[in-house]
Amino acid sequence: MGHLKTSTFIVDDESHAAQLLQKLLEPFPLFGNISVITNSSVAFTEIVEHQPKYLFLDIEMPGMNGIQLAEKLKQLAPYTKVIYVTAFERYALDALRQNAFDYLLKPVDRAELARVVEKLLTNSEPKPVNGQRKHLLVRSNEGIYQVAEDDIVYLEADCSYTTLVLNNQPNILWSSNLGKIMPLLSENRFIRISRKHMVNRLYISFYHAKEKYLLLKTPEKDYQLKVMLKVHDLKELMSV
């Protein structure tokens, strides 16, 4: 897949169509490093591992079709924006029902692509107003907490629950799984380092490349967490 972190995937069983779309996307800097995959099952594994920002996804493919693939990715790659690319306009409604970001019809029109690019640029993550910190409403068995995002050191998944480890505060057991929580978090603030853990980059102090763990430091305590990402992928995430 190359040394650089992939920002965009094109998944289409027709390699010629995928390569044409890749040429159309390359002039736009926001798409970064673009990878083409012609098998939907292979694409699923690669997308979960690399967590691309954008996914241009064909619908009619042998085996697992595009809509089925997007459904499987909802919780495993929640930050990836899906743009369906299809030759059949009848799929447009299905695409929108699947919470796709948008769709394009084949052959892809440059003006329509420009429209999607503009939409992507204007739908970037909103910034806090007047320097206010983002807060989350966290439901636990005891009640509902209001937690400042900056105070979350890391999140630890445990089946249907997620533990919030907080800076200088007692931990909170959130009555929701990590997959449902991830879309609520600021995309550029948190890094998923394994299936179990997601960390706040504010607290990252050290990465041990040989033993593959992160050291998170707070004024009261240090935490050491195992990293399951490849080294270059972690470096790319930490540099965002």
Heavy-atom check, side chain of [X] versus side chain of [Y], under 4.5 Å:
X	Y	result
Asn65	Glu60	no
Glu149	His135	no
Ile152	Leu136	yes
Phe44	Leu73	yes
Tyr203	Lys217	no
Thr8	Leu25	yes
Ile10	Ile37	no
Thr80	Lys53	no

- prompt: Taking it one step at a time, do Leu24 and Arg110 satisfy side-chain contact (heavy atoms from CB on, under 4.5 Å)?
  reply: CA-CA 8 Å; Leu24 289 174; Arg110 292 179 184 271; 3.4 Å; yes
Under 3.5 Å: donor-acceptor pair, side chain of [X], backbone of [Y]:
X	Y	answer
Tyr54	Ile83	no
Ser194	Met228	no
Ser35	Phe9	no
Gln51	Val48	yes

Taking all atoms of both residues into account, what is the closest heavy-atom pair of [X] and [Y], and its distance?
X	Y	answer
Leu76	Pro78	C-CD, 3.5 Å
Leu178	Lys196	CD2-O, 4.1 Å
Ser176	Ile181	O-CD1, 3.8 Å
Thr86	Asp58	CA-OD1, 4.3 Å
Arg195	Ala157	O-CB, 4.1 Å
Ala70	Leu57	CB-CD2, 4.0 Å

query: For Asp102 and Arg115, what are the C-alpha separation, side-chain angles and deciding distance, and is it a salt bridge (charged side-chain N to carboxylate O under 4.0 Å, His left out)?
result: CA-CA 10 Å; Asp102 211 317; Arg115 177 189 62 78; 2.8 Å; yes
task: Answer with yes or no whether the side chains of Glu142 and Ser140 bring together a donor and an acceptor at under 3.5 Å.
output: yes
Interatomic distance, [X] atom [atom1] to [Y] atom [atom2] [nearest 0.5 angstrom]:
X	Y	atom1	atom2	result
Arg192	Phe190	CZ	CZ	13.5 Å
Leu225	Ile204	CG	CD1	10.0 Å
Met61	Ile67	CE	CD1	10.0 Å
Lys74	Lys180	NZ	NZ	12.0 Å
Leu216	Tyr154	CG	OH	8.0 Å
Gln169	Leu164	CD	CG	10.0 Å

message: Restricting to salt bridge (charged side-chain N to carboxylate O under 4.0 Å, His left out), what partner residues turn up for Arg139, sequence neighbours left out?
response: none
field: Partner residues of Glu26 under the salt bridge (charged side-chain N to carboxylate O under 4.0 Å, His left out) criterion, sequence neighbours left out
entry: none
query: Does OH belonging to Tyr161 count more than 12 external heavy atoms closer than 6.0 Å?
result: no
Using distance only, find each side-chain donor-acceptor pair of residues 13-22 under 3.5 Å and give its atom names and separation, not counting sequence neighbours.
| unit_1 | atom_1 | unit_2 | atom_2 | d |
| --- | --- | --- | --- | --- |
| Gln22 | NE2 | Ile34 | O | 3.4 |

task: Go through the steps to decide whether Val138 and Ile144 satisfy the test side-chain contact (heavy atoms from CB on, under 4.5 Å), and finish with yes or no.
output: CA-CA 5 Å; Val138 178; Ile144 299 175; over 6 Å; no
- request: Among Phe31, Tyr103, Phe101, find the one that has a ring pair (Phe, Tyr, Trp, His ring centres under 6.0 Å) with Phe56.
  value: Phe31
task: Show your working on side-chain contact (heavy atoms from CB on, under 4.5 Å) between Thr218 and Asn168 and close with a plain yes or no.
output: CA-CA 8 Å; Thr218 74; Asn168 200 28; over 6 Å; no
message: Walk me through whether Asp12 and Lys106 qualify under salt bridge (charged side-chain N to carboxylate O under 4.0 Å, His left out).
response: CA-CA 12 Å; Asp12 192 330; Lys106 295 180 179 177; 2.7 Å; yes
- request: Please test Arg189 against Asp150 for salt bridge (charged side-chain N to carboxylate O under 4.0 Å, His left out), starting from the C-alpha separation and ending with a verdict.
  value: CA-CA 9 Å; Arg189 175 63 54 81; Asp150 290 351; 2.3 Å; yes
Verdict with reasoning, Val165 to Leu155, per side-chain contact (heavy atoms from CB on, under 4.5 Å): CA-CA 6 Å; Val165 176; Leu155 303 92; over 6 Å; no
